[in-house]
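Worksheet: the structure to be examined is printed underneath.
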Amino acid sequence: MAEQTQNLTAGLLDQIEAFERDLTAVEVGTVIEIGDGIARAKGLPNVKAQELVEFSNGTLGVAFNLEADNVGIIILGDYEGLNEGDIVRATGRINSVPVGPEIVGRVINPLGQPLDGKGPLQTSGGFYPIEKIAPGVMKRKNVDRPVQTGLRVVDALTPIGRGQRQLIIGDRGTGKTAITLDTIINQRDKDLICIYVAIGKRASEIRRVVATLDDYGAMQHTIVVVAAASDPAATQYLAPYAGCAIGEYFMDQGKDALVIYDDLTKHAWAYRQVSLLLRRPPGREAYPGDVFYLHSRLLERAAQMADDEGGGSLTALPIIETQLGDIAAYVPTNVISITDGQIFLEPELFFGGQRPAMNVGISVSRVGGDAQANIMRKVAGRLKTELSQFRSLEAFAQFGSSLDAATQRQLDRGMRLTELMKQPQYQPEALHQQAAVIYAGTRGYLDKIPVDRVKEWEAEFLRFLDTQYPAYEKTVNDTPRLDAVEDTLKEAITAFNQTWG
């Protein structure tokens, strides 16, 4: 009995000596003000900017204003259940989003929480901070590879390169989102991962976008980040940064990613709302003074990394919605100055049946030409000049004065080229098809085709080309140079025109 007691005592002593208290120090504050999606708390002296904090009911927030005696917090979620006096604790984690290959094909919110009903999201890539300093110039290299949108007018006249920032700007209902959806759909079976960030859009619009991408098999390479119009302004403010962080993860893996911000006008509105609620000093149009930095620090993160940095790329397609075509407003001019070019969409062209409704005269790509395939650069060399001249001549011809033969020929060709630039939605084209049609138009092979039959000619010619000259597509894919296929194109177009009528 005594021996058992000694053994028991020794065992207890061993457990007592081996006992270690697992204590975690947590910094805790108290909510002193709450309302309209923001809170103020005291008692968090060591909290960091952009650090996640957690309220007593589990709702998350982000430390936004670090003031002398309190912290301004933007609330990520429902704030109606929060009250003054509630406890708020620092998490020690800077605002970040879960990343990994498992996220492809999912619909998530800016916190990385799934919204598609496909179960919980288990990621293997850890967390990426949503705010990050853009890569330095020595880590980058020139943009030299194309992003094929599948839209003739874009790929020919304002080409987009991998690592570029190309703005899409226009009034409401002019087809801005349609261009980005066509671009995503055109990446099927390619090596470009797409992130679509919906900012302040109606839930019905977002469902329609996701359904469209699903119908065309594009969700297999796409991630949708959602901050709907019904979500708090804080969530809308964070959404594009979360989408950018996801894109940076793939770029850091040496892959190519494309992120679409739809749209940054609503993003600026959300930031203005949050800033005013937190009493940041307002400036022009009530935007805070750092509204330029708001978008520059986001868009500068798009890059083509150097080979010794992995060679990955992140391409950005921000969208800006203008009011009555006013591109000189505050936010549009800011974003135009940050990006590498813009695609300007006009309501007059859109409602006139010219879709995509791109204004050729003021749309430009500052670096995309370096990334354009040789065959497209050669066949489209004359296209922009001829279309721009056509628009000016068209306005002049409306006065009804007699025109000389050369001017009339220019007008006739311009009308046919304009028809060629029309393209149905959700029908992006491959490079070999685009090159063949544009070559025929700019080299005069359509000059005798009636304008109202140009689209009919185009559809039948492409079928003829695929069936009668099957080697053409492979040659363009292997060697995308005009001199490799020009003789074939001349022969095919001539043979088709002799039989078509």
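Just so you know, residue 1 is the first one in the sequence shown, and it goes up from there.
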| How would you list all residue pairs meeting salt bridge (charged side-chain N to carboxylate O under 4.0 Å, His left out) that involve residues 318-331, not counting sequence neighbours? |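 Applying salt bridge (charged side-chain N to carboxylate O under 4.0 Å, His left out) to every pair that reaches into residues 318-331, excluding sequence neighbours, yields Lys266-Glu321.
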Those residues that, when tested against [X], pass ring pair (Phe, Tyr, Trp, His ring centres under 6.0 Å) (two or more places apart):
| X | answer |
| --- | --- |
| Tyr426 | Tyr216 |
| Tyr249 | Tyr128 |
| Phe292 | none |
| Tyr196 | none |

| task | Write out all pairs satisfying side-chain hydrogen bond (donor to acceptor under 3.5 Å, both in side chains) with one or both partners inside residues 59-75, taking only residues at least two apart or from two chains. | result |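 Output for this query lists Arg40-Glu67, Arg40-Asn70, Asn57-Thr59, Asn65-Glu67, Asn65-Arg280.
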| field | Any pair counted as side-chain hydrogen bond (donor to acceptor under 3.5 Å, both in side chains), so long as it reaches residues 340-354, sequence neighbours left out | value |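 Passing the test, one end in residues 340-354: Arg165-Asp340, Glu346-Asn359.
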Does [X] have any side-chain hydrogen bond (donor to acceptor under 3.5 Å, both in side chains) partners at least two apart in sequence or in another chain, and if so, which?
| X | answer |
| --- | --- |
| Glu27 | Asn46 |
| Ser313 | Asp256 |
| Lys141 | Asp307 |
| Asp478 | Lys474 |

| field | For Asn83, side-chain contact (heavy atoms from CB on, under 4.5 Å) partners two or more places apart | value |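 By the side-chain contact (heavy atoms from CB on, under 4.5 Å) rule, Asn83 matches Asp86.
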